[in-house]
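These notes concern the structure reproduced below.
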2 protein chains.
Amino acid sequence: MGRGMTGASEPPVSDADREIMEATHRALRDHGYADLTMQRIADEYGKSTAALHYHYDTKEELLAAFLDYLLDRFVESVRAVETTDPEDRLELLLDRLLVSPKSNSDLLIAMLEMRSQAPYKDAFADRFQQNDEYIRHMLEAAIDRGIEEGVFADVDADHVSRALMTIVDGARTRAVVLDEAVALETARQTAAEYVDATLR
Amino acid sequence: MGRGMTGASEPPVSDADREIMEATHRALRDHGYADLTMQRIADEYGKSTAALHYHYDTKEELLAAFLDYLLDRFVESVRAVETTDPEDRLELLLDRLLVSPKSNSDLLIAMLEMRSQAPYKDAFADRFQQNDEYIRHMLEAAIDRGIEEGVFADVDADHVSRALMTIVDGARTRAVVLDEAVALETARQTAAEYVDATLR
DNA sequence: CCTACCGATCGGTAGG
DNA sequence: CCTACCGATCGGTAGG
């Protein structure tokens with residue numbers, strides 16, 4: 001699973017597709033989204049820009065495919081949390097969302113750039129919305145489970161999950177804009193405090 | 001006051017400067033940062049691009065000046081909160097940060113775009129950092145005041161203010177990326193819950 | 001997939 | 001401040 005997690009319906013990617021995704025990944029990491037040109041991707045790919053257009057008609061199409069590729073990988077890393085105990089699960093999910101991203105801060109930057117383009121690119125907006133819904137539902141489900149088991153207070157799980165996602169997105173934005181690695185730690189603590197205050 | 005709030009040291013702007021800032025404002029609102037060209041600004045200004053370069057050597061310089069202009073206006077609107085009672089003041093500050101921006105969502109989009117460019121443009125990074133520090137200190141001061149007066153618990157005001165800024169930034173990001181006007185309301189409630197849980 | 005090229009547009013400047 | 005223009009670069013395509 002994981003393929004098509006974002007709702008897109010691409011066929012299983014070929015070797016070339018995979019190589020282009022990885023080339024795009026590197027180009028994005030090194031130059032950022034604003035300076036991401038077909039030429040730069042082609043350079044990383046090791047072939048011409050015409051080669052890219054052979055596989056993807058337009059730049060927009062290539063980038064939409066890349067966003068699927070990236071968000072699928074992200075979802076997969078969150079889905080790797082298998083713990084079922086509601087309290088532990090919620091903590092582990094928040095850890096995934098707020099601590100592990102520290103490693104790839106280059107990508108965090110590029111992701112915020114792409115997010116800021118959502119209002120102008122429907123293909124981006126759809127994917128980010130679907131991804132957000134998916135992750136948020138994982139939080140909501142863990143909260144609902146805890147309520148059923150009686151370990152969490154009977155709160156509005158929808159609201160609490162949205163509150164936690166707000167903290168997560170705030171941390172990511174601040175990590176990029178203020179160049180603070182601490183932003184993620186501050187947010188992790190804030191999330192813990194919020195969980196403790198509302199769910200116990 | 002308000003001029004030079006962000007630490008820049010421009011002389012009082014001339015009429016032309018003001019007109020260019022307003023033209024940039026409109027161009028940014030209508031086209032977004034990614035599609036903001038000197039030509040588009042010039043069109044709004046009603047003169048040639050050479051006219052812009054007469055006042056600002058480079059595009060980057062013009063945009064840095066614009067960011068000063070915009071952030072000063074923002075700071076000024078937050079500073080308009082004059083209530084001194086710590087509890088009321090904190091609530092009113094959060095209102096300013098989380099409800100009033102609803103009106104100008106176009107600008108919220110452009111601001112997120114510019115924020116995402118902070119890692120690549122030092123001039124942007126400096127201004128956003130300084131602005132963030134300024135706003136955050138207003139929150140921190142209100143919290144400290146409440147602690148002194150005994151109406152707030154003896155918390156780490158630095159951490160609480162950072163937590164609140166994280167919620168604010170999360171709300172702004174989500175409002176843009178997910179196109180949810182509710183994101184701001186959700187965050188306002190989350191901030192209220194967090195304040196209630198940590199400060200009482 | 002490549003070479004070679006297209007029109008469009010970019011930020012910036014010379015000369016007045 | 002304008003007209004006129006610069007070189008550079010963009011995404012995309014024709015023809016093979």
Side-chain angles (χ1 to χ4, degrees), chain A residues 10-69 110 113-114 116-117 120-124, chain B residues 10-69 110 113-114 116-117 120-124:
Chain A
E10 328 81 280
V13 288
S14 67
D15 280 351
D17 285 330
R18 230 184 316 272
E19 282 175 34
I20 292 174
M21 292 298 99
E22 285 165 13
T24 305
H25 193 155
R26 289 191 299 274
L28 201 56
R29 166 163 48 74
D30 296 344
H31 303 286
Y33 175 79
D35 291 325
L36 183 69
T37 65
M38 294 296 273
Q39 188 56 58
R40 291 221 154 101
I41 298 173
D43 289 344
E44 292 288 346
Y45 185 34
K47 302 190 177 176
S48 68
T49 60
L52 294 178
H53 279 105
Y54 175 78
H55 292 280
Y56 300 91
D57 283 347
T58 64
K59 185 188 183 186
E60 186 157 353
E61 199 175 301
L62 190 158
L63 292 180
F66 174 75
L67 207 47
D68 279 333
Y69 163 83
E113 290 187 84
M114 295 182 80
S116 75
Q117 295 308 304
Y120 309 107
K121 301 199 181 267
D122 290 346
F124 285 14
Chain B
E10 325 81 281
V13 288
S14 66
D15 279 352
D17 285 329
R18 229 185 316 273
E19 281 175 35
I20 291 174
M21 294 297 100
E22 285 165 13
T24 305
H25 194 156
R26 289 191 298 274
L28 201 56
R29 167 164 47 75
D30 295 344
H31 303 286
Y33 175 79
D35 290 325
L36 183 70
T37 64
M38 293 296 271
Q39 188 56 60
R40 290 220 153 101
I41 299 172
D43 288 345
E44 292 288 346
Y45 185 34
K47 304 192 175 175
S48 69
T49 60
L52 294 179
H53 280 104
Y54 175 79
H55 292 278
Y56 299 91
D57 283 346
T58 63
K59 185 188 183 186
E60 185 156 352
E61 198 175 302
L62 189 159
L63 292 180
F66 175 73
L67 206 48
D68 278 332
Y69 163 83
E113 289 187 84
M114 296 182 80
S116 75
Q117 296 307 302
Y120 309 107
K121 301 197 180 266
D122 290 346
F124 284 15

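Scope of the values below: all heavy atoms of this structure, side chains included, with no hydrogens, waters or symmetry mates. Chain letters run A, B, ... following the sequence lines, proteins first, then strands; residues in each count from 1.
Across all their heavy atoms, Ala64(B) and Phe124(B) have their closest contact at N-CE1, 4.3 Å. Leu36(B) and Ala27(B) make their closest contact through CD1-CB, 3.5 Å (heavy atoms, listed as atom of the first residue, atom of the second, distance). The two residues Phe66(A) and Met114(A) have their closest heavy-atom pair at CD2-CE, 4.5 Å.
In this structure, CD of Glu60(B) is placed 16 Å from C1' of dC10(C), rounded to the nearest angstrom. Taking atom CD of residue Glu61(B) and atom C1' of nucleotide dG12(C), one finds them 13 Å apart after rounding to whole Å. Between Gln39(A) atom CD and dC2(C) atom P there is a gap of 11 Å when expressed in whole angstrom units. Rounded to an integer number of Å, the gap from Asp35(A) CG to dA8(D) C1' is 14 Å. The CG-P distance, from Leu36(B) to dT9(C), rounds to 16 Å in whole Å. One can place CG of Asp43(A) at 13 Å from C1' of dT9(D), the figure rounded to the nearest angstrom. Between the CE atom of Met38(A) and the P atom of dC5(C) there is a distance of 21 Å, given to the nearest Å.
Using a 4.5 Å heavy-atom cutoff, the side chains of His55(A) and Tyr45(A) are in contact. Proximity of Arg26(B) to Ile41(B): side-chain heavy atoms (C-beta onward) are nowhere separated by under 4.5 Å.
For the segment residues 51-59 of chain A, residues with any heavy atom less than 4.0 angstrom from an atom of DNA chain C are, sorted by number, Ala51(A), Tyr54(A), His55(A).
Here dT3(C) is the nucleotide among dG11(C), dG12(D), dT3(C) with the atom lying nearest to any side-chain atom of Ser48(A). Closest to the side chain of Thr37(B), out of dC10(C), dC1(C), dC2(D), is dC10(C). Taking the side chain of Tyr45(B) as heavy atoms from C-beta on, and the options dG11(C), dC2(C), dC1(D), the nearest nucleotide is dC1(D).
Taken together, the paired segments of DNA chain C that extend over three or more consecutive Watson-Crick or G-U pairs, each closer than 3.5 Å at both contacts, are C:1-16 with D:1-16.
With hydrogens and angles left out, the side-chain atoms of Tyr120(A) and Glu113(B) include a donor and acceptor closer than 3.5 Å. Using modelled atom types, one finds no donor on one side chain facing an acceptor on the other under 3.5 Å when comparing Asp17(B) with Tyr69(B).
A salt bridge between Asp43(A) and Arg40(A) is absent, with no side-chain N of the basic residue lying under 4.0 Å from a carboxylate O of the acidic one.
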